Number of protein chains: 2
Amino acid sequence: MTATNRETDPRPQGGDTVSAVVRQWQAVHPDLDTGPMEIIGRVNRCAALLQQAEDAPLRRAGLSRPEFDLLGALRRTGHELTPGELARETFSSGAAVTKRLKQLTERGLVERRGDTRDRRVAHLRLTDAGRDLVDGILPEQLAYETAVLSVLDPQGQGELAGLLGELLGRLEGSLGALRV
Amino acid sequence: MTATNRETDPRPQGGDTVSAVVRQWQAVHPDLDTGPMEIIGRVNRCAALLQQAEDAPLRRAGLSRPEFDLLGALRRTGHELTPGELARETFSSGAAVTKRLKQLTERGLVERRGDTRDRRVAHLRLTDAGRDLVDGILPEQLAYETAVLSVLDPQGQGELAGLLGELLGRLEGSLGALRV
DNA sequence: AGCAGGTGTTTTACCTGTGAATGATATCGT
DNA sequence: ACGATATCATTCACAGGTAAAACACCTGCT
């Protein structure tokens, strides 16, 4: 019920670019089930739009989003992390983390300390400057995101967060399970 | 109501990685409103996971997702498009489109035709091979996406599609409006 | 002890996207 | 008709990511 209301409430037919694309496909291939596009296409497009908007506050601090993710991982866990842990935590490749760490240490935002037992690994922590930078940006960042998302009423936001969480949790669970 | 159910139904606390991250942030900064993360973080993460999964069928055809998007735009509109139109249609930069077109024409999937009136622009269309490739991949692609999304029940999928459409429509409407 | 193999990180070569010039043409105003 | 300006596409230099190889080190077996 809720779904049907939400789908037909605001405009006669979906007013976003994805629904226009779906209609085009259906005109060309009326036999195909285009249902998945309405979710996947929109998720991709939302991600692109939100990131673009989102980047604005970060860029003023001279940080890219991946860089901020890395600093944020160090800040929110509260303890030192190895490059491998950082890669897992930020869902990026080891090579990418290496490059970012190099830049961030040069900028004095991050410090590295060698492990005494296992000399392959390093432990990374925020410098005071790094911590201050994250703590300074985060409130702005969240305020900006709140403003962007306010196009949706609070109830809609709650429902959306819940559904995304459910989808994400199950996707993460069944990650490598699907093989086609 | 629906939101609250969905949020608390499957597990005691959110079982996805984003909710774990949010809990970490709240432990460090209990005063901050982390609400936006639960949407934006999840959208980003879902996009990453879905794309990774999604790419599998495409890669077998030797196409990247941006390349497929370009071919798809030509297929679904049904008529020729200029490079500029393709850039707008696929939300990418003109330079990126130029590069992709170069490769796709070399592979014989796309043909270009000069405009007689305005000699700056070219018109691009799919070759027969290009059209066949798109028509061959699309059903596989959709079937795969359907399988991936089936972790969510049909009602949940409908609600999610509706909410994303609403968010996306309004974001696209108020694109450059927000200035912070 | 000494070597085989595993693990954590970095390096390398390469590919793709981007923003800022550039070049080529069209359009507008006078 | 002619120059100024706008528009469309491409090229350029570069930043950033990736996979695979290389490197450094640990660990377990004999």
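Everything quoted here is computed from the prediction, not taken from an experiment. Proteins get letters first, then strands, A, B, ... in listed order; numbering begins at 1 in each.
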query: In B/S/- notation, 5' to 3', how is nucleotides 8-13 of chain D contacted by protein heavy atoms closer than 4.0 Å?
result: SSBB--
- prompt: Just by distance, do the side chain of Arg42(A) and the backbone of Ala161(B) share a donor-acceptor pair under 3.5 Å?
  reply: yes
- request: With sequence neighbours left out, write down each residue that passes side chain to side chain contact (heavy atoms under 4.5 Å, CB included) with Asp33(B), or none if nothing qualifies.
  value: Thr146(A), Pro36(B)
message: Applying salt bridge (Lys or Arg N to Asp or Glu O under 4.0 Å) as the test, list every pair that has at least one member in residues 84-101 of chain A; sequence neighbours left out.
response: Arg76(A)-Glu89(A)
message: Going by side chain to side chain donor-acceptor pair (under 3.5 Å), name the residues that satisfy it together with Arg120(B), two or more places apart in sequence or in a different chain.
response: Asp118(B)
- prompt: Asp115(B): what forms a salt bridge (charged side-chain N to carboxylate O under 4.0 Å, His left out) with it, not counting sequence neighbours?
  reply: none
query: Listed by chain and number, what are the salt bridge (charged side-chain N to carboxylate O under 4.0 Å, His left out) partners of Glu111(A), not counting sequence neighbours?
result: Arg125(A)
task: Check side chain to side chain donor-acceptor pair (under 3.5 Å) between Asp31(A) and all other residues, then give those that pass, not counting sequence neighbours.
output: none
- prompt: Do we see a donor-acceptor contact under 3.5 Å between the side chains of Gln24(B) and Thr77(A)?
  reply: no
- prompt: For Arg117(B), which residues count as a salt bridge (charged side-chain N to carboxylate O under 4.0 Å, His left out) partner, sequence neighbours excluded?
  reply: none
statement: Applying salt bridge (charged side-chain N to carboxylate O under 4.0 Å, His left out) to Arg112(A) and not counting sequence neighbours gives none
- prompt: Strictly by modelled atom types, are Ser19(B) and Glu38(B) linked by a side-chain donor-acceptor pair under 3.5 Å?
  reply: no
task: Check each residue of residues 65-78 of chain A for a non-hydrogen atom within less than 4.0 Å of any atom in DNA chain D, then write out the ones that pass by number, or none.
output: Pro66(A)
message: How close do Leu58(A) and Arg65(A) get, counting heavy atoms only, and between which atoms?
response: CD1-CA, 3.8 Å
message: Please compare Ala96(A) and Arg117(A) by the position of their nearest nucleotide in DNA chain D and report the one closer to 5'.
response: Ala96(A)
query: To the nearest 10 degrees, how far apart in direction are the end axes of the helix from dA1(C)-dT30(D) to dT30(C)-dA1(D), each fit to five base pairs?
result: 10°
message: Going 5' to 3' along DNA chain C, between which two nucleotides do contacts with chain B fall, using a heavy-atom cut-off of 4.0 Å?
response: dT16(C) to dA26(C)
